[in-house]
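Please read the structure below before turning to the comments.
It should be emphasised that the depicted structure is a prediction, and the values quoted were computed from it without experimental measurement. Throughout, a chain's letter reflects where its sequence line sits, starting with A, and its residues are numbered from 1.
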Amino acid sequence: MKVKNTEDLREIKDKFFPLIKQRLGHRNGLGITQVLVCSGTACSSAESQDFRLELERELERRNLRDNVRIFKTGCFGFCQHGPIAMVHPGEVFYCQVKPDDVKELVETHFLSGRVVERLLYQNNGQRANNIEDIHFFQAQKRIVLRNCGVINPEDISEYIARDGYFALADIILNKKPSEIIDKIKKSGLRGRGGAGFPTGRKWEMTAAQDVKPKYVLCNADEGDPGAFMDRSILEGDPHSILEAMAVSGYCIGAAQGYIYIRAEYPIAVERLEIAIDQARGYGLLGKNLFGTSFDFDIGLRFGAGAFVCGEETALLQSVMGQRGEPRPRPPYPAQEGLWGKPTLISNVETYANIPVILREGWEWYSGHGTASSKGSKVFSLAGKINTTGLIEVPMGTTLRTIVFDIGGGIPGGKKFKAVQTGGPSGGCIPDKYLDLPIDYESLKEIGSMMGSGGMIVMDEENCMVDIARFYVEFTQDESCGRCTPCRVGTKRLLEVLKRITEGKGEMEDLELLEELAFDIRDASLCGLGQTAPNPVISTMRYFREEYIAHIRDKTCPAGVCKALLDYTVDEAKCAACGLCAKVCAAGAITGARGQPYRIDPEKCLKCAACVAKCPKNAITKGIRKEDVNIAETGIHTGTGGQEERAAL
Amino acid sequence: MVQYAHTGKESREREIPAPFVSEGKPEQKPDKEQTWEKKFNELDRYISLYAKEPGQLIIILQKAQDIFGYLPEEAQAYIAEKTGTPVSEVNGVVTFYSLFSTEPRGKCALDLCMGTACYIKGAQELMDTLKDQLQIDAGETTADHLFTVNTTRCIGACGLAPILVVNGEVHGNAKSGEIIKIIQKYRKGEDSESKKH
C-alpha cells in the first residue's frame, strides 16, 4: 500500500492506536494482554530474546496466543536491571527476566491474574508495582525517547499510530521549506553531537546553496566510549530519524540521504534496514512522495572502527568509501560536502527532535530547557553508579539530580569523585559543580563539554591521572595521523602521563603537560585533536593534588596505579605456608615456617602473583604508608621527588 | 575471466594461511584451491551488488573480511581490480580502519571492551588476565591459531560492564575466573554455543 495523504495515514493510525493506547496506560477494554520485551543491545546481550522465544513457545503450548501478544520494543533505559519485560494493562515492569521465569509468569500473571512479585524492581526494599513507582523514571522527561519502550521499532504502523509521518505529509503537501526552517530556528534546537551549532541555521545555510544535487547525512558514528544514546534511539525509534531526514531533505532541496552507522551496532543496523524497507513499501521514501514531485531516499553507509569519523569532514570521506581523514574548514560541509556538493550533517539525536518539534510546535519545545539550550538531552549513565542506563532530562537539570536522584548514587557507599562528560573530548567535573544546571554553555565554562551525552560517574577508587592517561591513550590510538600536533603531540602527552602513573614523573612534567596540552588544542586540524587534551586539562585543573601525589610522593591516593602500590601481608591472616615466597620472581618475600611472611617493598615488582597464590587472602595491595592525607593538610611527605633526585 | 597477476594460481596457493591448511580433519578438508575459488566467487556476488553505487568500498571490504576471515592481499587486489580503484587506495582504507585485519584471526576471537565504563569497572584487570593466560598482547593471535585477543571500542552495553565478546557473543559483568574458564573450554575443543543451549 502506498500512502498518498494524511487520510491514508489516519486510517493506519486508527487501526493500530488501540494497542498503543493501552500501552500508554488506558484501560480501554481491549481484551488482550500485551507483553513488551526490551530488544535493545543491553537487554539482548542479557538474553532477552531467549526469554521472548520461550514465552512464545509457552503461550503456544497453552493456547494463549490470541489473548497475550508479545512485542519487541526499544530501550526502556533501565539497562542495569535488564532484561526488561513490561506487561499491559497495568504497566507491570518486570526486571531481570529469564527463560526459566516464563512458566511462573504465564501461570501466575496471565492465567491467575496475579503479579509475579519476585520479578518486580525493589525500590529501597519496596516493590515497585508499576513503572510509575520506580524512582529512576520519575525525574525524567521523555521527549526524544517518547517511543522507546512504547512501540515496536520493527513495525512502521506503530510509529504511524504514534502520529509518525503526519508531519512529513503535512509539510510536503502544504508547507514551504522556508516556513519549516523558520520553525526549527525558533525552536532553538542545537546540534546534539557535541558542539551545539544551531540546527535551523545549518538548514538555512545548506538550503541557500544554489547547487544540485544536495545530500542529507545522519551521523550515527557514536564513537564516544560509554555513550549509547544514538544507538538506543535507532534501535527503539528508527522511523523518527527517517522522517526527520525526509523533512530536512525537503527543506534544503535534497533527494538523497545517508545514515553513517558504526559496525559495532548490529541491532541498530538491522532495525534501520527494516525501517527503510517498510518506509519504501508505504511510499514514504522513494520517488514522488505523497504524489508530489519530491523524491527522497535513504541509504546506509557503514563505519569500520575509526573514532575520527565522528568528525564531520572525516565522516564525509568515510561515507565516500575513503580513509576517514579530516580536512580544514571552510569550505563547510554545508557548502562542499559529499562529492563536493552541499551536505547537511546532523547527529541522530538532533534528527530525533525534529518530528516532535513539528508536531508539538516550536513554542512548546522552546518552553523546555535553559535560555541558551532548549529542549531535553539524552544521557547514558554509566560507570560507578547504582542504576546504569539511558535517561532523558530537560536541559538545565543539575548533575546532582542525574547522579543521585535518577541514577541512585554511588554503589557500595563510596564517595563521589567526578563525572566525566563529553567522552575523550570532554572533561571531568568535580563534586563542587554538582548543583550547576547543565547546558552547552555551563559545561564549557567548567572545562568540559556536552559532547554527545555519555556520562561516566567515578568514585574515590578511580585515579584521575590514570583516567587522563586512559583518554589520551584512546585519542592517541585514534589520531588519524594527518596533522603533526595531534599525531606527535598526543604521543608525547601520553608518554608524560605514563611516566607519572609509573612513579617516574617530575614536577616539571606538570608544566610540560600544560604547555603540550594547550599547543595541541590550538594547533590541531580537527575537533579530535583540538579536544584531545581536554581530559588532561580538566583533571589538572580540578585534581592537581592527585598529580602532585603521584609525582612528589610517589603514591596513588585512589590505589589504582600499580607501580605506586605497596603489597603487604596481613600478619594475622598469614598461615606462613610460604607459597608466596615460592611464587615471587623477585625474591622479595621472606619468612620462615611458623612466622608471618614479609614483602620487601624495594624488591617487589608489583606483579601481584603472590596475591593470587595466597590461600588465606592475606596479601593486600594498598596505598603507600608514608602518604599523608593531602586534601586535609596540603603537606606532602614520602620518598622520591625532586629533592631526592637532586641529592642523587 | 580476466587474469590478474595478484590472483594467479601460484600466489594463491602460496598465500593460503596456516589455519586453512592445518586445521580440521583431513577427510573433511575440501580441496584448498576449490575453497579459495569459492570464496572469490562469493566475493564477486557482493562486488556486483554494491559496486553499482559510488563509495561502497568499505562495505565490500567488510563482506570480504566476513568471507575470508581477514583481508589477504589477494582479496584486496581483487577488489581493487573489480571496482576500478587503485590497490593503494584499497590498502589505504584497509589499514586505516581498526575493524579490518590483514592477518588471519584465531578460531576464538576474544574482544575486550575498552570503553570508559568497562575500563573503570576493571577491564584492565581482565586484559592482564588474558595476556597472562595466552601469553600474547592485544591484537595478536596465539601460535596455535586458537585465540585472538583484541580490544574493542564501546559496544554500548555499559550496563553490563565490563564486557568480553567471545566470537560475537556478549559476556556481561565478566570476571577473570570466567575468562580462564572460557579459554580452557576452547582449549578442550568445546564450542561454547553447544554447551550453552
Measure the shortest side-chain to side-chain distance between [X] and [Y] over non-hydrogen atoms and say whether it is less than 4.5 angstrom.
X      : Y      : result
B/E89  : A/R323 : no
B/Q124 : A/F470 : no
A/F228 : B/C158 : yes
B/T116 : A/Q420 : no

The residue among B/L160, B/V165, B/I163 that forms side chain to side chain contact (heavy atoms under 4.5 Å, CB included) with A/S45 is B/L160
Side chain from CB out, backbone as N, CA, C, O: work out which of these in [X] comes under 4.5 Å of a heavy atom of chain B, or both, or neither.
X      : value
A/D224 : backbone
A/C43  : neither
A/V308 : side chain
A/L381 : neither
A/T387 : neither
A/E222 : neither

If you take all heavy atoms of B/V93 and A/Q322, which pair is closest and at what distance?
-> CG2-C, 3.9 Å
Looking only at heavy atoms, the pair that brings A/P225 and B/G115 closest together is CB-CA, 3.5 Å
Residues B/D128, A/K562; criterion side chain to side chain contact (heavy atoms under 4.5 Å, CB included); working and verdict | CA-CA 12 Å; B/D128 292 345; A/K562 259 192 177 171; 3.5 Å; yes
For chain B, which of [options] has the most heavy-atom pairs under 4.5 Å?
options                       : value
A/A46, A/A306, A/A227, A/G324 : A/G324
A/D459, A/T41, A/I385, A/N462 : A/N462
A/R231, A/R262, A/R301        : A/R301
A/Q80, A/M229, A/E478         : A/E478
A/Y471, A/Y265, A/F307        : A/Y471

Considering heavy atoms only, which positions within residues 53-63 of chain B lie below 4.5 Å of chain A?
-> B/E53, B/P54, B/G55, B/Q56, B/L57, B/I58, B/I59, B/Q62
Using non-hydrogen atoms and a limit below 4.5 Å, what part of residues 94-103 of chain B faces chain A?
-> B/T95, B/F96, B/Y97, B/S98, B/L99, B/F100
Contacts of type ring-ring contact (aromatic ring centres under 6.0 Å, His included), residue A/Y121, not counting sequence neighbours = A/F78, A/H81
All salt bridge (Lys or Arg N to Asp or Glu O under 4.0 Å) counterparts of A/R469, not counting sequence neighbours = A/D466, A/E473
Assess whether atom NZ of B/K131 is packed by more than 12 heavy atoms of other residues, nucleotides or ligands within 6.0 Å.
-> yes
Would you say B/E125 has more than 12 foreign heavy atoms packed within less than 6.0 Å of its CD?
-> no
Trace of the salt bridge (charged side-chain N to carboxylate O under 4.0 Å, His left out) decision for B/R153 with A/D477 | CA-CA 11 Å; B/R153 294 301 175 222; A/D477 192 39; 2.7 Å; yes
